[in-house]
Structures are given as structure tokens and as C-alpha cells.
Amino acid sequence: MALAAITSGVLRDRRPGRLEREMGSTAGEANTEPAAVPPTAAANGSVIKLEAVRKSFGDNLVLDGIDLDVTSGEVLVVIGPSGSGKSTLLRCVNLLEPLDSGRIWFEGNEITRKGTDVSNVRQRIGMVFQQFNLFPHLTVLNNLTIAARRIRKLSRSEAEKRAHILLEQVGVEHKADQHPHQLSGGQQQRVAIARALMMEPHVMLFDEVTSALDPELVGEVLVVMRDLANLGMTMMVVTHEMQFAREVGDRVIFMDEGRIVERGAPADILDRPQQERTRRFLRRSLQLAHSLEELTITEGGVAE
Ligand code: ADP
Ligand code: MG
């Protein structure tokens, strides 16, 4: 399965991809695009930049001064215990949560300042969640085309042409006319990724997208994400899949209690963590994996 066609505005060099050549759509559209995303904005390589980002829910401080740079084409993997603020971090980047303080830039523009075209930012920053959030009453094809038609004002035929190409790339073209409940979880999640790609995002955020899947379906989704990374898509990936972090990640950050405790190359963070908290987290994940192998469920419950 390859994603060679999904190159719209996602490659480091920003050349129009095969998809755009096939559709012949982007050139005309680019002229009508709001000025919020100037073509030179990515020149310094920083696509997403966070500075001193703080966020609380009530008196629960969830992000406690996050500084972060994600460069063009980079795959940043975010790991950390439940409740450490990983989802909130992604949601802030996508402007789904307002900040208490701090600033976020996207392609050189501060998007946390007043007057930002939120809809335009969200088109450029695609997000995929643990729960697939597909519209149950719409076919797979219509799940993909609805936003492209309403928000990007593509014609039905343009939208459907792009949708079919993307569905083929993520390996679910044969399900185009079915409804989400007729698909496996892995297929639904691949549809959700294709749907996000309909908007030609420059960045993709993935929040534990394989956590709700049966184990045998995890791989097919990770492969789609790996292919997307190989095409040069800039990605922030919250995951517990350490193998993915190692093989696909350019950089790993470990979060705990709303802070980035440690950051670095995947091998450094996963094999040679400097901080005790990182070590404890990784040890616990590993221990669990090992000890579960030794556990068996008996009629009386779990026994070793
Ligand atoms: P993670 O994704 O690392 O598990 P989250 O970002 O989801 O962590 O949550 C961090 C903390 O913020 C948790 O204590 C969670 O209960 C709290 N939280 C997240 N979203 C909300 C919300 N909308 N309202 C109140 N508290 C929230
Ligand atoms: Mg989360």
C-alpha cells in the first residue's frame, strides 16, 4: 500500500503532486486562498512552533509551559502517561482549545492571536482521533466529500475524484459505497485519515489513532501513517506504539504532568533516557508487556 498520490502541499519541496496533476485543481485554487498561509512561510523550516504554552481546566494545570518546534517534514512522536496533557497539546495546536497564555505559530503566522481565520488553520492542520468520528449515516465516499464540497467548495465530481484516489491509496476504495458500520475498525480509521487528507493539510495530528483497534488491525493503520511520513508530511503523533516511534519518528518527546520532561532522537529517548521519570514510564510499559505474557485468565480470575 503506497500513498504516492497524496502529495498535495505536503511534501517538503511543495511541488504539486501526482494528485494535483491528475485533478488539475490546485493551481486555480491557490489564487483564491486566503493570505494566511504565504508560500514563503515554511522557509525557515518551522511549521509548528509553540512558545510557553499554558493551559488549565479549572485549577488543573494541564500544559505547564510547553516550548516546541516541529520542522517541515518532521515526524514528532509524543509519548507519556495518561493525563499528562498529550491530547490537550494537539487540541491546542488545532485551535480546539484556547490557551491561557503562550503563543502558537503555524507556518510563520501566529494563530493564537485574535482575528485568526480558524477554519483556514483547521483545513491546513488535519487531525485524526482515537474514535474515528465518521458520520454513521453517510457512505464512506460522502464522509470524504462532504467537507471538501461545503468548506473547500469543490464540485461533486472534483471531490469524488479526489476521494476515490485517496480511498485507493489507503486501501479501502472497495468500501466507497458502504456505511462506516460495515467496515472494520482498521478500515474506518484509514477512511478517517483519507478524510483528513481531503483538505490538503500541511500538517497531520494523530491522537492515539490505533488505541481503540483490535491488535491485528493496528499494523494496517500504522503502515498508512508511515507511508504518509515517507512522503514528507509533517506529523505530530501521540502513540503508545514504541516500534512506530522508533522506526518512523524523527524525534520523540516524553510528557509528564503537562511538561516536556525529555526530548531527543527516538533511540536516545527509548533506549537511553536521561530522566528518571522517562525511565519509569518506559519500564512500566515494558514490564506490563512482559508480565502480561506470563498471565493467564483462570476461572477464578487472573493468575500467574
Ligand atoms: P492525555 O491525552 O495525555 O491522556 P489529556 O490532555 O487528555 O491527557 O488530559 C490532561 C488532563 O486534562 C487530564 O487531567 C484531563 O482530565 C484534563 N482534561 C482534558 N480535557 C479536559 C476538559 N475538556 N475539561 C476538563 N478537564 C480536561
Ligand atoms: Mg489523550
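Whatever order the structure lists ligands and atoms in, that order sets their numbers, starting from 1. Since we're looking at a predicted model, the values are computed, not measured.
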Starting from [atom], locate the nearest protein heavy atom and write down its residue, its atom name and how far away it is, to 0.1 Å.
| atom | result |
| --- | --- |
| atom 5 (P) of ligand 1 | Thr88 OG1, 3.6 Å |
| atom 7 (O) of ligand 1 | Ser87 CB, 3.6 Å |
| atom 8 (O) of ligand 1 | Gly85 N, 3.2 Å |
| atom 12 (O) of ligand 1 | Val62 CG2, 3.1 Å |
| atom 20 (N) of ligand 1 | Phe57 CE1, 3.4 Å |

(message) A quick test of your reading: do over 12 heavy atoms of other residues, nucleotides or ligands sit less than 6.0 Å from CZ of Arg259?
(response)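 Count not over threshold, so no.
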(message) Whether the side chain of Glu257 engages the backbone of Val62 through a donor-acceptor N/O pair (distance < 3.5 Å, no angle test) should be reported.
(response)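 No, because the side chain of Glu257 does not come within donor-acceptor range (under 3.5 Å) of the backbone of Val62.
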(request) Could you tell me whether Asn60 approaches ligand 1 through its side chain, its backbone, both or neither, with non-hydrogen atoms closer than 4.0 Å? (result)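 The side chain, only.
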(request) For salt bridge (charged side-chain N to carboxylate O under 4.0 Å, His left out), just list the numbers for Asp207 and Arg91, CA-CA rounded to whole Å, side-chain angles, deciding distance to a tenth of an Å, and then say yes or no. (result) CA-CA 9 Å; Asp207 192 0; Arg91 291 171 57 81; over 6 Å; no
(message) So that I can check it, does any N, O or S atom in Thr88 come closer than 2.8 Å to the Mg ion (ligand 2)?
(response)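 No - counting backbone and side chain alike, Thr88 has no N, O or S atom under 2.8 Å.
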(message) With a cutoff of 4.0 Å, is Gly80 in contact with ligand 1, counting heavy atoms of the residue only?
(response)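 Gly80: no contact with ligand 1 (<4.0 Å).
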(request) Give the single entry among Lys86, Gln130, Met255, Lys55 that approaches atom 3 (O) of ligand 1 most closely by any heavy atom. (result)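 Among Lys86, Gln130, Met255, Lys55, the closest heavy atom to atom 3 (O) of ligand 1 comes from Lys86.
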(message) Considering Gly58, Pro81, Gly83, Ser84 one by one, which has a heavy atom nearer to atom 4 (O) of ligand 1 than any of the others?
(response)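 The nearest heavy atom belongs to Gly83.
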(message) Just to verify, which of Leu228, Val221, Val77, Leu90 counts as forming a side chain to side chain contact (heavy atoms under 4.5 Å, CB included) with Phe206?
(response)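 Output: one option passes, namely Leu228.
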(message) Any heavy-atom pair between the side chains of Glu262 and Arg279 that's under 4.5 Å?
(response)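 A side-chain contact under 4.5 Å is absent here.
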(request) Using the ring of Phe132 (Phe, Tyr or Trp, six-membered ring only), decide whether Arg195 places NZ or CZ under 6.0 Å from its centre and within 45 degrees of its axis. (result)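 No; the conditions do not both hold, so Arg195 does not lie above the ring face of Phe132.
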(request) For the pair Arg124 and Glu107, find out whether any cationic side-chain nitrogen is under 4.0 Å from an anionic carboxylate oxygen. (result)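 Glu107 and Arg124: not salt-bridged.
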